[in-house]
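Step one of this worksheet: look at the structure below.
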Amino acid sequence: MGDRGKFLGILLGLSFASIIMTQQPGIFVGIMTRAFSFISDIGIADIWVADPMVKYIDDSKGMPSTMLYRVASVPGVDWAKPLYKGNIQARMLDGNFQTCNVIGIDDATMVGGPLRMVEGNVADLRQDNAIIINKEGADDKLAHSPRYPGGPKIPLKIGDVIEVNDNRAKVVGIAKTTRTFMSMPVIFTTYNRALTFAPPQRDFLSFVLVKVKKGEDIQKVKQKIKNVTKMGVYTRGEFEDLTVNYYLKYTAIPINFGFAVLLGFLVGAIIAAQTFYSFTLENLKYFGVLKAMGTQNSTLLKMILLQAGTVGALGYGLGLGGTFLFSLYVGQEGMLAFRFPWQLLVFSFCGVLFITLLSALISIRKVITLEAAIVFKG
Amino acid sequence: MAKITPQNHTVLCKDVKKTYTIGENRVLALRGIDLEVRSGELLMLVGPSGCGKTTLISIIAGILNYDGGSCTVLDNSLEILSEVEKNRFRAKNIGFVFQAFNLIPSLTAAENVAVPLIINGMERLLAIDQAKELLKEMGLEDKVDSDPKNLSGGQQQRVAIARALIHSPRLIVCDEPTSALDGETGHKILELMKKIALKEDRALIVVTHDIRIFPFADRIAMMEDGKVTRVVNSYKDALKNEEEKIITGNK
């Protein structure tokens, strides 16, 4: 009833809750998306074959190289290509070491290579000692030291040479990749060259990428491969889920974000409910006046719900606007992970709606049980 | 004023009792009230604080239930009406003027006055137009769009009176309508109420401590300790009674 301070207080509480309930899960979803970004980036493969003990994409365990042919021979498989994925130390020109994510892709077809090239061409990997580096790595972690203290790093460029596990590697291209969970530089090279880069180990084949023949049922082919190889066989979506579930289960990330969201929800709820309730208490005599003049409880109920609904919608909108501005600021490819699927809209809407209804219900109870006779009390 | 007959009473209370329970204590607020308010009269309800005046007008206005006796308002027995029916009854038949005006601060003067019409189902803009007309009649044509906080006490009470009258109720209850006003303004307000509000088919009940407005009453009902002790026709009788109390020290 015309109290701008209280109105802004409720609006602030709801906007705060809304922004926390959209921005924090947005970052969480962003981080989780990055966790399986490598799988998404290799969109061409329908099925991933890995060691049965592999729990997530970065957990590569070598399989015998013969596994590639066993998979390729399964009926329904169009093609099967090898993929090496491992963490290998690279030494820059200034002598610094940096652990990199080395990806070895099929020498002949280049399946598994980067989809977006900033400079150069994936086929340039056929050159001697050739590697392609992702843009973030080239600009930052693998970049040359500044020319002077405090100066900007000098990005790696085509033609530069670094050492990968004491092997000479020449940059032939810069690729755009989705940022990874660990934000390590990504080095693409051919499968066979990657094996020369890799430290000695019994088996090198990290994954087999499978394309299913047209018209074949992916699930059926998957099962056939599983039966033949006894390996871990996943569709693209299943492998992404496996990776996300690992992070959800074995890291504190969801708990931390969950607490942040819960805290935002609680603080927003308390601010909004308390302000709405004190606003109702302060205006109780006017509700009493309306009751005395014959206003039915149902009308007062509608009034309160309308007020709560209006302020809830505004708060939700402002919170959403704030999150949208935040997403524009961080961008899709920035250091901070952020993704905003439509499910978050529904989630935050339900959260704000719950807070709004809770605030309204407390006030409604007070108003409905109010005796109109208070209007005659001093 | 209208001739008094058993048929033309607006309010008829017989042996009305009301008890409040506060914690473990029971307080007898009304101990058997007998009171008649006639159509076309301005009845003042006077008495010391705590004597039950507010409880009585709350019961008469249908916003408080009583425990015993009977109270008929405009031929409606209040005890048999449901809460929803009572709300409808009040919305149609009763106007309220409060001590602290109780104008809704977020509404303009005209919007405040329009509230009873809107409660009775009139379309909002039409109600506001009617409210503006009434405010013009009451000399507030330049204040129709003002917020209550920008009005003087006298102007606010005039708006409150307009709000009490707009839906043509047959009973108006006023709780200390002049206590927040200076003497001159209070006098003008009572003059206005007598002039505009009082009609042959409408009664006014005014609860007051303010002896300066006693002369405006047609009858004065004096209450003490939960009972109507005397009903006098002349304010001089009422004042005499007040003086007696002061002399004897009997409140």
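Computed over heavy atoms, backbone and side chain alike; hydrogens, waters and symmetry mates excluded. We name chains A, B, ... by the order of the sequence lines, and we start the count at 1 in each one.
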Euclidean distance, Ile374(A) CD1 relative to Asn102(B) CG, rounded to 0.5 Å: 8.5 Å
Could you tell me if the side chain of Met293(A) sits less than 4.5 Å from the side chain of Val115(B), heavy atoms only? yes
Please find the pair of heavy atoms, one from Tyr286(A) and one from Leu103(B), that lie closest to each other, and give the distance. CE2-O, 3.2 Å
Where Thr295(A) and Asn87(B) come nearest, the two heavy atoms and their spacing: O-ND2, 3.9 Å
Chain A heavy atoms under 4.5 Å from Ile118(B): which part of the residue, side chain, backbone, both or neither? neither
Contact check, side chains of Val289(A) and Phe96(B), non-hydrogen atoms, under 4.5 Å: no
Atom CG in Asn283(A), atom CD1 in Ile104(B): separation rounded to 0.5 Å? 9.0 Å
To the nearest 0.5 angstrom, please state how far the NZ atom of Lys291(A) sits from the NZ atom of Lys86(B). 12.0 Å
Val84(B) versus chain A, the contacting section by heavy-atom distance below 4.5 Å: both
Gln296(A) portion near chain B, given a 4.5 angstrom heavy-atom threshold: both
Can you say whether Ile119(B) sits under 4.5 Å from chain A via the side chain, the backbone, both, or neither, judging by heavy atoms? side chain
Would you check if Glu371(A) and Asn65(B) make a side-chain contact, meaning some heavy-atom pair closer than 4.5 Å? no
Does Phe324(A), at its CZ atom, have more than 12 non-hydrogen atoms belonging to other residues, nucleotides or ligands within less than 6.0 Å? no
Examine whether an atom of Val173(B) lies under 4.5 Å from a heavy atom of chain A, and if so say whether it belongs to the side chain, the backbone or both; otherwise answer neither. side chain
If I compare all heavy atoms of Ala292(A) with all of Arg90(B), which pair ends up nearest, and what's the gap? O-NE, 2.7 Å
